[in-house]
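Note sheet for the following structure.
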Amino acid sequence: MVLGEIREKVKKELKKLGVEKELKRSEKHGDFFIEAFDLDGEEIAETFKVEGVKAKAEGNYVNFYVDWEYWGKRLLDKVLKEGENYGREKMGKKVVIEYSSPNVAKPMHVGHLRNTILGNSLCRIYEFMGNKVIKINWLGDTGTQFGKLILAYKLWGNEEELEKNPIKELLRVYVKFHEEVEKDPKLEEKAREIYAALEGGKEEFVELWKRFRELSIREFKRIYDLLGAEFDEYTGESYYIEKAKKVVEELKKKGLAYEKEGSVILHVEGVPDTVIMKKDGTTLYLTRDLATAIDRYEKYKFDLMLYVVGSEQKLHFRQLFKTLEAMGYEWAKNCKHISYGLIRLPEGKISTRKGRVITAEEVINRSVEEAGKVMRGIGKFNQEVAEKVGLAAVIYSILKVDPEKFVEFKWEEMLRLKGNTAPYLLYSYVRAKHILDKAELKEFEVKGLKEQERRLLKKLSLFPLVVKEALERNKPNFIANYLYGLCDDFNRFYEECQVLGSEKEEFRVALVSCTKIVLENCFKLLGMPLVEKM
Ligand code: ARG
């Protein structure tokens with residue numbers, strides 16, 4: 001890492017000068033800086049000596065300016081040599097990432113879409129940095145609604161529809177159940193019986209449940225394929241029912257749970273008491289999550305486990321981690337909830353009650369449609385490209401925002417060709433590719449830099465640091481924002497500096513080649529599709 005190497009040299013020199021200040025990264029004034037309120041900045045700047053780095057005392061700071069004529073060649077050679085491995089590290093940790101986790105027989109909604117896109121990018125970042133990532137989809141595949149679903153399907157289900165459009169058909173009979181139960185309350189009782197029989201292992205029901213589960217996964221996979229998301233396991237909640245019962249015993253033994261009127265209540269310092277086993281002996285969501293975490297640790301001995309789950313479950317995860325800690329599991333401190341906010345759609349708030357759920361697939365389709373409109377508008381429609389642009393727009397609109405903040409979808413803005421949008425990024429890539437299609441990489445030297453060239457070199461040198469920071473803070477938006485800045489710097493360069501046929505052609509072709517490599521790396525880490533033309 002060239003910038004990392006430079007940083008180490010600066011740090012070493014500062015230490016030699018007896019300056020103990022944190023060396024921070026700078027965007028505006030040079031490449032690094034230290035605060036020097038209580039130091040003699042002038043003196044530091046004067047005595048500081050590192051080849052290829054200038055120190056300047058400015059205000060209350062000492063800023064360090066990397067001389068890119070000195071370091072530029074080295075940077076470009078490195079990027080060209082390493083290619084798609086530029087920025088990689090060998091962290092060597094075992095990381096479990098649980099993400100997506102939709103519910104069987106229900107459509108994936110926009111929340112699941114944000115989840116899947118965020119989780120997918122985190123998996124890619126961790127893998128890129130040399131970790132072993134275990135990707136788990138914890139399907140919501142249990143609960144009393146399966147009693148209703150089985151009954152409803154037996155009464156009103158259509159075999160053919162189930163094969164063709166499983167989730168739609170299951171949703172249809174589920175909605176019908178809720179209508180019918182108004183007229184015939186006995187259905188509720190029947191559904192409960194069926195659920196009990198299902199948990200008891202009655203073959204007919206288990207077979208149906210399995211089918212619903214398989215068919216749902218098949219449908220979810222359509223979206224996963226589109227997004228390039230993968231899973232090593234689809235181990236859902238149902239798998240942990242029996243194990244969860246054992247956890248209840250363990251909690252009682254450890255004095256962390258007590259019985260009250262037949263139910264078992266969890267009592268852990270620092271979080272509110274809560275039921276973990278109902279009177280009838282059934283377990284709860286939290287109980288199953290406890291069993292899951294323990295099982296995963298036994299199985300994988302992970303160094304880190306991330307749960308990508310919406311912010312409305314913050315309390316749930318605080319309870320989960322606190323309880324694991326209280327149970328004496330030391331590794332509980334290595335579990336982390338990656339929380340994210342809502343998506344606001346122009347179509348309005350999603351409401352299940354009104355029976356109007358906007359699915360993940362509908363959102364993507366809509367974006368593709370809108371991308372098509374924009375392309376038709378400039379007389380360059382191509383279905384394949386529109387599909388990729390539309391998908392990239394959805395992914396980018398989600399990832400450019402800090403996970404904790406809400407995302408607002410505005411079709412027109414998302415698909416603009418200029419500004420902080422996916423089409424702008426894609427267009428920049430196509431531009432770089434277009435130049436390189438007509439050029440050849442030759443020997444080059446770096447000298448007489450123009451401002452735009454210097455900025456671009458600096459930006460390229462930053463990539464490895466940005467990926468590292470994105471990983472440390474679990475924020476893919478760091479990479480997304482970097483990518484936007486890179487495109488801006490590249491376009492400024494493009495407008496000011498002629499590449500082909502100029503006297504600096506060799507150097508500039510190398511610079512564009514490196515830009516293309518880093519662009520591709522960013523797209524890959526975000527899980528965004530690229531286009532070759534636009
Ligand atoms: N299936 C749940 C939902 O769709 C999310 C599961 C989150 N994961 C967990 N380990 N609790 O809301």
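The shown structure was predicted, so the numbers you read here are calculated from the model rather than taken from an experiment. Counting starts at 1 for both ligands and their atoms, following the listed order.
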When you measure from the side chain of E230 to the backbone of K135, do you find a donor-acceptor pair of N or O atoms at a distance under 3.5 Å?
no
Taking only heavy atoms of [X] into account, list the atoms of ligand 1 that are under 4.0 Å away from them.
| X | answer |
| --- | --- |
| F317 | 9 (C), 11 (N) |
| Q313 | 12 (O) |
| N103 | 1 (N), 2 (C), 3 (C), 4 (O) |

Tell me the contacting part of T292 for ligand 1: side chain, backbone, both, or neither, using a 4.0 Å heavy-atom threshold, strictly below.
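Contact part for T292 vs ligand 1: neither.
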Ring pair (Phe, Tyr, Trp, His ring centres under 6.0 Å) partner of Y307, chosen from F302, F321, W138, Y99:
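With Y307 as partner, F302, F321, W138, Y99 yield a single ring pair (Phe, Tyr, Trp, His ring centres under 6.0 Å), made by F321.
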Starting from [atom], which protein heavy atom do you reach first, and at what distance in Å?
| atom | answer |
| --- | --- |
| atom 8 (N) of ligand 1 | E98 OE2, 2.8 Å |
| atom 4 (O) of ligand 1 | H112 NE2, 2.9 Å |
| atom 2 (C) of ligand 1 | S101 O, 3.6 Å |

Hey, does E361 have a side-chain heavy atom less than 4.5 Å from the side chain of I364?
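Heavy-atom side-chain distance check fails, nothing below 4.5 Å.
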Shortest non-hydrogen contact from [X] toward [Y]:
| X | Y | value |
| --- | --- | --- |
| G92 | N131 | N-OD1, 3.8 Å |
| P476 | L526 | O-CD2, 3.8 Å |
| F212 | L162 | CE2-CD2, 4.3 Å |

Nearest to atom 7 (C) of ligand 1 by heavy atom, Y240, Y285, Y307: which?
Y285
Evaluate W138 for polar contact with ligand 1, using N/O atom pairs at a separation under 3.5 Å.
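No, since none of the N or O atoms of W138 sits under 3.5 Å from an N or O of ligand 1.
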Face-on cation placement of R376 at F381 ring, 6.0 Å and 45° thresholds:
yes
